[in-house]
> 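Below you will find the structure I want to go over with you.
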Amino acid sequence: MTVARRLVSTGVAASLLLAAGCDRDAAPQTRIVADGDPGHGRQLIAEVACGVCHIIPGVRGAAGTVGPSLAGFAERNLIAGVLPNTPSELARWVRDAPSLVPETAMPPMPLSEDEAVNVAAYLLTLR
């Protein structure tokens, strides 16, 4: 059974959607990563070659099509369709996605916790 099916069958998906603020009338929330440096995050994204798999605005050569485009990422309510798009969850995701969603194709990335916070800070600027 896929993660999404397990979440739906247990009612967790609805809880995640509510927690992520899926109110159609609500304006998108601004997500700020307090300790993150978006400029350094953009540099790290280029260094660890995230653009091999993703299209990432503002990162030279980031034109991959294996994973989803990250354009407008800050506007998304969910990460990988199952996790709330919060700064802390995003930092955990970019560092070690398989530990959160084992079925993901995204590999663990060679990032420290601080580096992952910076990457999250950049991704959350993408509107």
Side-chain angles (χ1 to χ4, degrees):
M1 182 182 287
T2 68
V3 171
R5 285 188 183 149
R6 281 196 304 262
L7 291 174
V8 169
S9 68
T10 62
V12 174
S15 298
L16 284 174
L17 290 171
L18 290 173
C22 288
D23 179 354
R24 290 182 183 175
D25 296 328
Q29 297 176 0
T30 300
R31 296 177 182 102
I32 298 171
V33 182
D35 296 327
D37 177 347
H40 189 225
R42 184 179 58 188
Q43 177 186 353
L44 289 164
I45 287 169
E47 288 175 10
V48 298
C50 299
V52 168
C53 293
H54 299 280
I55 294 170
I56 310 169
V59 178
R60 183 179 220 167
T65 58
V66 174
S69 169
L70 300 181
F73 189 83
E75 303 295 329
R76 298 179 191 174
N77 289 317
L78 297 174
I79 301 165
V82 296
L83 300 170
N85 189 7
T86 63
S88 60
E89 282 296 304
L90 182 54
R92 290 178 59 213
W93 173 262
V94 299
R95 186 162 188 231
D96 190 9
S99 72
L100 300 170
V101 179
E103 294 87 358
T104 187
M106 184 164 158
M109 300 304 294
L111 297 167
S112 70
E113 287 182 30
D114 288 341
E115 290 171 332
V117 167
N118 291 324
V119 168
Y122 180 71
L123 293 176
L124 291 173
T125 68
L126 300 178
R127 300 210 172 273

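If you're wondering where the values come from, they're calculated on a predicted model, not measured in any experiment.
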> Measure the spacing between CZ of R42 and CG of L126 and express it to the nearest 0.5 Å.
10.5 Å
> Do R76 and L70 make a side-chain contact, defined as non-hydrogen atoms from C-beta onward lying under 4.5 Å apart?
yes
> Hey, does the side chain of N118 reach the backbone of D37 with a donor-acceptor pair shorter than 3.5 angstrom?
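Looks like yes, one N/O pair under 3.5 Å.
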> Does the side chain of L83 reach to within under 4.5 Å of the side chain of L78, using non-hydrogen atoms?
no
> Nearest heavy-atom pair of A120 and P87: which atoms, and what distance?
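Distance-wise, the nearest heavy atoms are CB-O, 4.1 Å.
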> Any donor-acceptor pair under 3.5 Å linking the side chain of R127 with the backbone of G72?
no
> Ignoring hydrogens and geometry, is there a side-chain-to-backbone donor-acceptor pair from T125 to Y122 under 3.5 Å?
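Indeed, once roles are kept as given, a pair shorter than 3.5 Å links the two residues.
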> Give the table of side-chain donor-acceptor pairs shorter than 3.5 Å for residues 43-56, with sequence neighbours excluded, one pair per line with atom names and distance.
unit_1, atom_1, unit_2, atom_2, d
Q43, NE2, E47, OE2, 2.9
H54, ND1, P68, O, 2.7

> Write down the atom of A71, the atom of S69, and the distance for their closest heavy-atom approach.
N-OG, 3.2 Å
> Evaluate the side-chain proximity of V119 to L123: yes if any heavy-atom separation is below 4.5 Å, no if none is.
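The answer is yes; the side chains approach within 4.5 Å.
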> How long is the straight-line distance from CG of L124 back to CG of N85, given to the nearest 0.5 Å?
5.5 Å
> How would you list, by chain and number, every residue that makes a side-chain contact (heavy atoms from CB on, under 4.5 Å) with S112, sequence neighbours excluded?
D114, E115
> With sequence neighbours left out, write down each residue that passes side-chain contact (heavy atoms from CB on, under 4.5 Å) with D96, or none if nothing qualifies.
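Listed in chain order: P98, S99, P108.
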